[in-house]
Amino acid sequence: MSELKNVEFQVRDYDLALTLDSGQTFRWTETPVGWEGVISGRWIRLRQVSPQLIRASLSDADDDWSWLKDYLQLDFPYHEMLENFPADPHLSRAIEACSGLRLLRQYPWETLASFICSSTKQIVQIRQIVELLSRRLGGPVQSVQGNSFSFPSVEQVATAPLSLLLECKLGFRARYLKETAEMILGDKIDLKNLGELSTEEAREKLMQFPGVGRKVADCVLLFGYGFQDAFPIDVWIIKALQRLYFPRRKKNLIQLQRFSARHFGPHAGYAQQFLFHYMRVVASV
DNA sequence: GTCCAGGGATTCA
DNA sequence: TGAATCCATGGA
């Protein structure tokens, strides 16, 4: 492999490790020299050199880094967003505990496919599934180790035999993933146009895929399209909302959805990410 | 052996 | 509407 090319980015309140290990993305591995992963077919190493500096290393790079800045959301007005949250001691505590946690802007197909694989799986297992899918169905990518693979394309998943998906430990999710890929390939739903729709319209489209309910759809809206009003409610968030905001009364899913939208506002998805990580790692029971 | 995991679809009351 | 159940699988 040819020499690595480096580029550095000035950052403020950006915790790279926290962000890459926060359960929104599944393809990053921590090594002694940085975080290594594959973004849209490009192998890349990221390292937080200092609180104010992130260094990216990759081979055969041109000088256009807009795709990486977009992926990392380096230009996102983080402080402005934080200031618009409600005065809320619970959320404030979560934000303080997870300072520098960011939302990435991932690619819709990979996000959709990954979260179809995520149902009733632990994050470590989702990572394992996504890695297997890439290894078995994706294409090789030039990297330092020489054994990296791109996440499989829609076509690669749609045309793969179901048995191959089952070998990737997808279990009952294999059929969902394959049928979703077939629907996209058959132009039943175009992932490209969803970003221009309203949150509700885009969610409705996503929920037409098999294996995609409200929660998975909201993850794709939030992590893949940047709809920051999307608020994925999973078991951890239910626990967090119940314990912090409704310790006495049990609320159903609809009530929790209404509360979160009303209470957290247009950047509710960011609040969700703070609460999720806070519950999962910091304040775990 | 038992329980649970960043759920969804189906069935049944 | 809402609760119960099944769906594969692996880690704790």
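The basis for the numbers below is simple: all heavy atoms, side chains too, and nothing from hydrogens, waters or symmetry mates. All chains are named by letter (A, B, ...) in the order of the sequence lines, taking the proteins before the strands, and each is independently numbered beginning at 1. Everything quoted here is computed from the prediction, not taken from an experiment.
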Just checking, is any N or O donor in the side chain of A/His267 or A/Asn84 under 3.5 Å from an acceptor N or O on the other one? no
Are A/Arg105 and A/Phe223 in a cation-pi setup, meaning NZ or CZ lies under 6.0 angstrom from the ring centre and within 45 degrees of the ring axis? no
Could you tell me whether A/Lys239 sits above the aromatic face of A/Trp236, with NZ or CZ closer than 6.0 angstrom to the six-membered ring centre and within 45 degrees of the axis? yes
Any salt bridge linking A/Arg203 with A/Asp218? Criterion: basic side-chain nitrogen under 4.0 Å from a carboxylate oxygen. yes
Rounded distance (Å) that lies between atom P of B/dG8 and atom CD1 of A/Ile233: 11 Å
Take atom CZ of A/Arg280 and atom P of B/dA5, then tell me their distance rounded to the nearest Å. 12 Å
Are the side chains of A/Leu137 and A/Phe149 in contact, using a 4.5 Å heavy-atom criterion? no
Residues in contact with DNA chain B, drawn from residues 211-220 of chain A - heavy-atom cutoff 4.0 Å: A/Gly211, A/Val212, A/Gly213, A/Arg214, A/Lys215, A/Val216
Encoded 5' to 3' (Watson-Crick or G-U under 3.5 Å; [ ] crossing; | other strand), DNA chain C becomes .||||||.||||
Please determine if A/Glu131 and A/Arg127 form a salt bridge, counting it only when a charged side-chain N lies under 4.0 Å from a carboxylate O. no
Find the distance A/Arg127:CZ to B/dA5:C1' and express it as a whole number of Å. 16 Å
Is A/Ser22 touching bases, backbone alone, or none of the nucleic acid, heavy atoms closer than 4.0 Å? base
Spacing between A/Met207 atom CE and B/dA9 atom P, to the nearest angstrom: 8 Å
Linking I/L/V/M/F/W/Y whenever any side-chain heavy atoms sit under 4.5 Å apart, do A/Leu74 and A/Val49 land together? no
Between B/dC4 (P) and A/Ile123 (CD1): distance, integer Å: 18 Å
Are A/Phe76 and A/Tyr270 close enough that their ring centres sit under 6.0 Å apart? yes
Expressed as a whole number of angstroms, how long is the span from A/Gln125:CD to C/dC7:P? 19 Å
B/dA9 versus C/dG10 - spacing of their P atoms, nearest Å: 23 Å
Within the structure shown, what part of the strands sits under 4.0 Å from A/Phe223 by heavy-atom distance: base, sugar-phosphate, or nothing? base
Is there a donor in the side chain of A/Glu3 and an acceptor in the side chain of A/Ser59, or the other way round, less than 3.5 Å apart? no
Could you tell me how the ring of A/Phe264 sits relative to the ring of A/Phe231: parallel (under 30°), tilted (30 to 60°) or perpendicular (over 60°)? parallel
Specify the residue among A/Thr120 and A/Val124 whose closest nucleotide of DNA chain C lies further upstream toward the 5′ end. A/Thr120
Strictly below 4.0 Å, heavy-atom distances to any atom of DNA chain B: list the hits from residues 167-181 of chain A, or just say none. A/Phe172, A/Tyr176
A/Thr120 and A/Arg173: side chain donor to acceptor below 3.5 Å: yes
A/Ile129 has an atom CD1; how far is it from atom P of B/dA5, in whole Å? 16 Å
With under 30° as parallel and over 60° as perpendicular, where do the rings of A/Tyr71 and A/Trp28 fit, or are they tilted in between? tilted
If the P atom of C/dT1 is compared with that of B/dG7, how far apart are they to the nearest Å? 25 Å
Let me know the distance between CD of A/Gln122 and P of C/dG10, rounded to the nearest Å. 12 Å
Considering only the P atoms, how many Å lie between C/dG11 and B/dG8, rounded to the nearest integer? 23 Å
Heavy-atom nearest nucleotide on DNA chain B taken for A/Phe276 and for A/Pro210; more 5' hit belongs to A/Phe276
